[in-house]
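The structure appears below as structure tokens.
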Amino acid sequence: MTTSDPEIVPSLTLSNGVAIPQVGYGVFQVPAEDAHEYVSTAFSAGYRHIDTAAAYGNEAGVGRAIAESGLRRDEIFVTTKLWNSDQGFEKTLAAFEMSRAKLGLEVVDLYLIHFPAPARGLFQQSWTALEALYAEGSIRAIGVSNFKGPYLGRLLETADIIPMVHQIEVHPSYQQQDLSSRSRELGMVVEAYSPLGRGVDLNAPAITRAASNHGVSAAQVILRWHIQQGRVVIPKSVSPSRIRQNADIAGFALDDHELASLSGLESGHMTGEDIEAFN
Ligand code: A2P
């Protein structure tokens with residue numbers, strides 16, 4: 001099997017039956033002028049799932065790479081996200097149109113509310129807009145990101161549709177087990193962002209030991225740990241060889257002892273944003 005074989009990346013099925021490739025290429029912090037090149041590299045490496053956001057400022061570069069990929073539209077899964085300042089019913093509809101135009105897509109596969117932005121008090125209205133876009137067929141699946149603490153519960157108080165995806169920070173040193181379990185119990189697929197802990201988890205002995213056992217890299221071990229626990233991962237890299245390596249994780253499996261040793265690395269070390277302060 002080669003890394004250009006699309007079958008190399010398994011898929012999960014969302015609650016509405018839509019398939020989502022379990023490994024996506026995340027373009028957080030990828031400069032707008034480089035997005036086209038890196039996303040093209042990711043397609044060549046076998047990725048069929050790209051995760052961007054309005055806030056990343058690189059949707060147009062992602063769109064150009066999609067247009068030039070030569071891949072059929074139904075072979076590619078594209079996620080983008082609603083930014084905080086665009087929350088509210090009408091503003092969400094307008095922001096979605098902008099994202100869709102930049103991506104050059106008629107239909108977006110997955111649209112997420114990026115943060116609850118609780119001080120704005122608009123996430124329930126924004127969700128209603130996502131539901132409307134889903135109902136009209138402009139989005140194949142809808143979800144949320146970073147809905148920690150009370151916010152998921154508050155969203156569900158007024159939601160007609162339970163989010164199909166919850167994208168949250170998860171890596172060995174910060175696993176958010178309670179939030180993950182609750183999201184799964186509600187039928188949501190958990191997507192891990194910063195799945196490598198932005199690189200900080202790579203040197204843990206439990207990980208380097210498993211890597212040497214299997215003749216793979218520490219990053220591949222961590223990504224495999226996620227995959228075997230049923231999460232989607234969106235590792236970010238700007239290095240072509242690491243982009244390829246991160247998609248090439250099908251040829252080995254961690255045993256129960258190795259999985260437990262990675263799960264034992266929880267230390268509460270968050271690398272992302274404090275959502276209460278992020279409005
Ligand atoms: P680089 O872009 O130079 O490859 P996360 O996805 O958890 O946010 O982690 C991203 C960080 O991890 C980036 O600094 C990225 O650096 C690094 N990284 C990504 N893939 C690998 C890999 N296979 N091996 C080592 N570091 C990696």
Side-chain angles (χ1 to χ4, degrees), residues 3 8-9 20-47 49-53 55-58 61-62 65 79 81 112 114-115 145-146 165-176 180 190-229 231-252 254 262-263 265-275 278:
T3 47
I8 201 162
V9 175
I20 180 169
Q22 236 181 320
V23 181
Y25 177 56
V27 293
F28 173 56
Q29 288 178 339
V30 170
E33 61 276 18
D34 297 333
H36 167 260
E37 179 191 337
Y38 294 139
V39 172
S40 300
T41 300
F43 284 141
S44 308
Y47 292 78
H49 171 179
I50 307 296
D51 182 279
T52 184
Y56 303 165
N58 53 24
V62 171
T79 301
K81 312 184 191 85
L112 305 176
H114 206 149
F115 283 90
S145 184
N146 297 300
V165 166
H166 198 176
Q167 185 178 120
I168 55 177
E169 178 178 345
V170 182
H171 46 88
S173 60
Y174 188 66
Q175 297 173 35
Q176 302 212 68
S180 291
V190 173
E191 285 190 355
Y193 74 77
S194 298
L196 306 172
R198 298 197 189 172
V200 296
D201 288 356
L202 293 169
N203 297 320
I207 293 172
T208 53
R209 218 169 20 244
S212 98
N213 288 347
H214 293 280
V216 297
S217 73
Q220 288 170 313
V221 165
I222 297 176
L223 296 172
R224 191 71 215 176
W225 169 79
H226 285 287
I227 295 293
Q228 287 182 226
Q229 292 175 97
R231 282 187 289 276
V232 170
V233 287
I234 46 169
K236 181 228 138 188
S237 177
V238 295
S239 142
S241 67
R242 290 193 286 274
I243 289 173
R244 279 191 286 276
Q245 184 193 113
N246 294 344
D248 187 12
I249 53 172
F252 71 104
L254 302 175
L262 265 73
S263 299
L265 295 172
E266 170 67 53
S267 67
H269 176 79
M270 183 173 99
T271 64
E273 313 289 350
D274 170 8
I275 57 135
F278 219 61

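If you're wondering where the values come from, they're calculated on a predicted model, not measured in any experiment. Counting starts at 1 for both ligands and their atoms, in listed order.
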If you look at each N/O of ligand 1, which protein N/O atoms lie under 3.5 Å away, and at what distance?
| unit_1 | atom_1 | unit_2 | atom_2 | d |
| --- | --- | --- | --- | --- |
| ligand 1 | 2 (O) | Val238 | N | 2.8 |
| ligand 1 | 3 (O) | Arg242 | NH2 | 2.8 |
| ligand 1 | 4 (O) | Ser237 | OG | 2.5 |
| ligand 1 | 4 (O) | Arg242 | NE | 2.5 |
| ligand 1 | 4 (O) | Arg242 | NH2 | 3.3 |
| ligand 1 | 6 (O) | Lys236 | N | 3.0 |
| ligand 1 | 7 (O) | Ser194 | O | 3.4 |
| ligand 1 | 7 (O) | Pro195 | N | 3.3 |
| ligand 1 | 7 (O) | Leu196 | N | 2.8 |
| ligand 1 | 7 (O) | Gly197 | N | 3.2 |
| ligand 1 | 7 (O) | Arg198 | N | 2.9 |
| ligand 1 | 20 (N) | Asn246 | ND2 | 2.9 |
| ligand 1 | 23 (N) | Gln245 | OE1 | 2.7 |
| ligand 1 | 23 (N) | Asn246 | OD1 | 2.8 |

Carboxylate-amine/guanidinium contact Asp51 Lys236, below 4.0 Å: no

Any side-chain heavy atom of His49 sitting closer than 4.5 Å to one from Val232? yes

Walk me through whether Gln22 and Val233 qualify under side chain to side chain contact (heavy atoms under 4.5 Å, CB included). CA-CA 6 Å; Gln22 236 181 320; Val233 287; over 6 Å; no

Glu33 side-chain N/O to Ala35 backbone N/O, donor-acceptor pair under 3.5 Å: no

Please determine, by modelled atom types, if Ser173 and His171 share a side-chain donor-acceptor pair under 3.5 angstrom. yes

Could you go step by step and tell me if Tyr25 and Ile243 meet the side chain to side chain contact (heavy atoms under 4.5 Å, CB included) rule? CA-CA 8 Å; Tyr25 177 56; Ile243 289 173; 3.7 Å; yes

